[in-house]
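Some notes on the structure that comes next.
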Amino acid sequence: MVSIADNLARVREQIAEAAAKTGRDPGEIELVAITKTHPAEKVREAIEAGQTLFGESRVQEARAKIPELPSNLRWHFVGHLQKNKIRHALPLFEMIHSIDSPALAQELNRIAEEEGLHPRALLEVNVAGEGSKFGFPPDKLRGEMEKLLALPRLSIEGLMCLPPLAEEAEASRKYFVQLRELRDSLEKEFDLKLPQLSMGMTQDFPTAVEEGATLVRVGTAIFGERTRP
Ligand SMILES: *Cc1c(COP(=O)(O)O)cnc(C)c1O
C-alpha cells in the first residue's frame with residue numbers, strides 16, 4: 001500500500017516540477033493538506049512526513065479534530081462558512097480562504113472586532129458563474145472592493161477559486177488564468193497587493209502552480225478517497 005508519506009512526497013515533487021517548468025521559485029507555493037472526512041490518525045501520518053499546514057471545510061468537524069492534534073500546526077478554512085459558525089472558526093484558523101459574499105465579510109469583520117482578532121482572508125470568486133457554487137461573480141467583485149477593503153479587521157490577501165469538476169486538469173487552466181488576471185487588475189485599480197492565489201486541487205494542482213497559485217489545496221492525492229461526499 002502506498003503511504004501518506006509517499007503521497008505527500010509525490011505531491012511536493014509535482015509542485016516543484018510545475019514551478020520549475022514555469023520558472024517559479026517552489027518556495028512561493030504552500031501545500032494545504034485538506035483533511036476533511038479523514039481522522040486525526042491520518043493527519044498524524046502527514047505530520048510525521050513533515051506537513052504542518054492543513055485545511056478543513058466544516059467548522060463542526062474541525063472543532064472536534066483540531067484539538068486532538070498538536071497545537072503547533074497551522075489550519076486554513078476552505079469551505080462555505082456559515083455566519084453562525086464564525087465565532088467558533090476564528091480561533092481555530094489562521095486564514096479563511098472562502099469569503100464568498102459581502103454579508104459574510106461584514107459579519108466576519110464584526111465578530112473579529114468583538115473577539116479582538118485580525119483574520120487573514122481570501123475572496124472566493126465563482127469563476128465559471130455556476131449556480132451551485134458560492135463566491136463573488138468576477139464582474140461584481142470590482143464593485144464590492146471598496147466596501148470590502150474598508151472592513152478594518154479583515155486582512156484581505158488574495159483570491160480563491162474552485163473551478164467546475166473536470167476529468168482533465170487542462171479544463172481548469174482558463175479559470176486559473178482568469179483568477180490571476182482578475183487579481184492583477186484589482187491590484188492596479190485599487191493600488192494594493194493581493195499576493196495569494198488559492199487554486200488547484202488533486203485534479204489540477206500542477207496546472208494551478210503553472211498559472212501562479214501560491215496555495216494549493218490537496219486532499220485525495222495525499223489521504224486517499226473520501227467515503228463521505
Ligand atoms: C475538498 C476540498 C479540496 C480538496 O479536494 P481534493 O480533490 O480531495 O484534492 C480543496 N478545496 C476545497 C474547497 C475543498 O472543499
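Counting starts at 1 for both ligands and their atoms, following the listed order.
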> Please walk me through it: do Phe93 and Trp75 pass ring pair (Phe, Tyr, Trp, His ring centres under 6.0 Å)?
Replying inline: CA-CA 5 Å; Phe93 295 99; Trp75 291 90; 7.1 Å; no

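- With a heavy-atom cut-off of 4.0 Å, Arg226 touches ligand 1 through its side chain alone.
- Counting atoms of ligand 1 from 1 in the listed order, those under 4.0 Å from a heavy atom of Val78 are 12 (C), 13 (C).
- In summary, of the residues considered (Leu194, Leu122, Leu123), a side chain to side chain contact (heavy atoms under 4.5 Å, CB included) with Glu157 occurs for Leu122 alone.
- The ligand atoms of ligand 1 that sit less than 4.0 angstrom from a heavy atom of Val218 are 9 (O).
- Residue contacts with ligand 1 for His97 are absent, since no atom lies close enough (heavy atoms, distance under 4.0 Å).
- Per-residue contacts place Gly219 under 4.0 angstrom from the following atoms of ligand 1 (heavy atoms of the residue considered): 4 (C), 6 (P), 8 (O), 9 (O).
- Inter-residue side-chain proximity for Val218 and Met201 is flagged as unmet; no heavy-atom pair is nearer than 4.5 Å.
- For atom 6 (P) of ligand 1, the nearest protein heavy atom (residue, atom name, distance) is Thr202 OG1, 3.4 Å.
- Residues Thr22 and Val209 share a closest heavy-atom pair of OG1-O, 4.4 Å.
- Here the rule is side chain to side chain contact (heavy atoms under 4.5 Å, CB included) with Phe54, and of Val43, Leu31, Ile34 only Val43 fits it.
- Heavy-atom proximity to atom 8 (O) of ligand 1, evaluated over Ile34, Ile222, Thr220, is greatest for Thr220.
- In this structure, of Glu124, Arg217, Met201, Lys36, the residue bringing a heavy atom nearest to atom 2 (C) of ligand 1 is Lys36.
- Relative orientation of the Phe134 and His80 rings is parallel, given thresholds of 30° and 60° on the angle between their planes.
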